[in-house]
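Below: the structure, in structure tokens.
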Number of protein chains: 2
Amino acid sequence: MRNRSCVMRLLRYKNALLKLKALNFVRVFSDNLADAAGVTSAQVRKDFSIFGITGNRRGGYQVGDLIENLSHILGKDKDYEFIVVGVGNIGKALMRYDGFEKSGIKISAGFDIDPTKYDPGAAVAVYDLSKLNEYVVKNKIRFGIIAVPEFAAQQAFEVMINSGIKGVLNFTPARLKGPEDCIINNINLETELESIIYFVNVADKTGGK
Amino acid sequence: MRNRSCVMRLLRYKNALLKLKALNFVRVFSDNLADAAGVTSAQVRKDFSIFGITGNRRGGYQVGDLIENLSHILGKDKDYEFIVVGVGNIGKALMRYDGFEKSGIKISAGFDIDPTKYDPGAAVAVYDLSKLNEYVVKNKIRFGIIAVPEFAAQQAFEVMINSGIKGVLNFTPARLKGPEDCIINNINLETELESIIYFVNVADKTGGK
DNA sequence: TAGATTGTTAATCGATTAACAATC
DNA sequence: TAGATTGTTAATCGATTAACAATC
């Protein structure tokens, strides 16, 4: 199915392919991609088959064609702008992070309710939250990142949705409620760390030592 | 099964319960927890059953007991220290983030190879990467976060593992290779954003407008 | 007791994997 | 051609859900 895990795998294949291309590889087999992405070769071929990607029996896949196919499927043939709401530690880090560019992703502005955060002249400008609607409408922004404190998350989300944003990455533990057609991805840092603690503790008890 | 998704759900139940407790709730039903965590009530009861958590038929669960049970299972009856390797945008944000404390998680130091980053006097001290082993051994640190550039990830990981670290949260796209008994959680920010773009584009085509 | 909720089993659902015919 | 790899179907695996007897 074209579910989240499958799409995440396609993104991994694409990243692996870009590295192969940089090494001047021309052809690649499902086995190679499987190794690179940490899955089975059947999984790779199945994923491709779901999206109608074909190769050559016996000859594998052309690296260049495959990258083009995946980029098209993943909607990465043009650049995309994100805004950040909440210019605290995490928000600021994302605004300054330069690793998104190579994926065609640009963080174009930040918004906060705290006036001491305003900085319209910065490399990535920071505006008052009240300016969000105007900015998003004017620049046709469709994507955003929520990096506010949990209690402010739902409200921030609603401002974003009402302005026309269709997809958000939510760094708060809040379970956002909104229209069906809006895409929400959640990252919960506390939970990630806590789950590591759990599995290490389990390994301690069951494993040796 | 006691897999990652299941543990992540337990963590969500616990967070919901802590909020209920703050509101002076004494009892809770599987239905309530299901709503709070966005799952079915059968899932909640099944999860509890896997970990041997029982309630009262007809009477639901005692909020206090449940929190205690979950905290014990999740290994959160004591505090845990993490170190951060790579004091760039993300690393710094994590070191300054104050939301971990309430979960009993402390970021106790940062490490970097760039001498301009050293700051042994900071609230969270930053040391040379060469000091990592000594620090980790001395303070019996078992958990770490990798926030270096991708090319340095495997090396950073090996330094950590060799010092006795057992669980890491990896912010790079690198697929880390190490001992079986080491726990690795990956967060890939680019991929999270790219998957949002994909699903919004799909909704555009299939949905209205 | 009557009614409601748990705890658990069995059914369902979906995703992954194995296997192999097609074919380059 | 002979050999190797794809593309796809069927089998397997595991997780989620439905259902209901147990029971508070």
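Within every chain, numbering begins at 1; the chains are lettered A, B, ... in the order of the sequence lines, protein sequences first and strands thereafter. The figures that follow rest on heavy atoms only: side chains count, while hydrogens, waters and symmetry mates do not.
At whole-Å resolution of the value, CZ in Arg4(B) and P in dA15(D) are 14 Å apart. Distance, Ile50(A) CD1 to dT17(C) C1': 13 Å, rounded to whole Å. The nearest whole Å value for the distance from the CG atom in Asp31(B) to the C1' atom in dT5(C) is 9 Å. Put simply, CG on Asp47(A) is 11 Å from P on dA15(C), counting in whole angstrom units. Taking atom CE of Met8(A) as the reference point, atom P of dT16(C) lies 13 Å away to the nearest angstrom. In this structure, the CG atom of Asn3(A) is 9 Å from the C1' atom of dG14(C), given to the nearest Å. In this structure, Lys46(B) atom NZ and dT9(C) atom P are separated by 8 Å, rounded to whole Å. The CZ atom of Arg2(A) sits 13 Å away from the P atom of dA15(C) (whole-angstrom rounding).
Counting only Watson-Crick and G-U wobble pairs whose two key distances fall under 3.5 Å, DNA chain C forms stems of three or more stacked pairs at C:3-24 with D:3-24.
Between Phe100(B) and Phe82(B), the ring center distance fails the sub-6.0 Å criterion.
Across Arg45(A) and Ser30(A), no two heavy atoms sit closer than the pair NH1-OG, 3.1 Å.
In the interface, the side chain of Arg57(A) is not paired with the base of dT5(D) through any donor and acceptor atom under 3.5 Å apart.
Residue Arg9(A) is classed as a sugar-phosphate contact, given heavy-atom separations below 4.0 Å to backbone atoms only. Heavy atoms of Ser41(B) sit nowhere under 4.0 angstrom from any nucleic acid atom.
With rounding to the nearest 0.5 angstrom, the CD atom of Gln43(A) is 9.0 Å from the NZ atom of Lys46(A).
Using cut-offs of 30° and 60° on the angle between ring planes, the pair Phe51(A) and Tyr198(B) is perpendicular.
Residues Asn56(A) and Thr40(A) each lie close to DNA chain C; by heavy-atom proximity, the contact nearer the 5' end of the strand is made by Thr40(A). Where Gln43(B) and Phe48(A) meet DNA chain D, the nucleotide closest to each residue was compared, and Phe48(A) sits on the side nearer the 5' end.
Taking side-chain N and O atoms only, Tyr61(A) has no distance below 4.0 Å to OP1 or OP2 of dC24(C). Residue Ser49(A) places at least one side-chain N or O closer than 4.0 Å to OP1 or OP2 of dT8(D).
Looking at Tyr61(A) and Asn69(A), their side chains never bring a donor and an acceptor atom within 3.5 Å of each other. When only modelled atom types and interatomic distance are considered, Ser108(B) and Asn139(B) share no side-chain donor-acceptor pair under 3.5 Å.
Picking from dC20(C), dT5(D), dA4(C) the nucleotide with the shortest atom distance to the side chain of Arg45(A) gives dC20(C).
In the displayed structure, Lys117(A) atom NZ is contacted under 6.0 Å by more than 12 heavy atoms of other residues, nucleotides or ligands.
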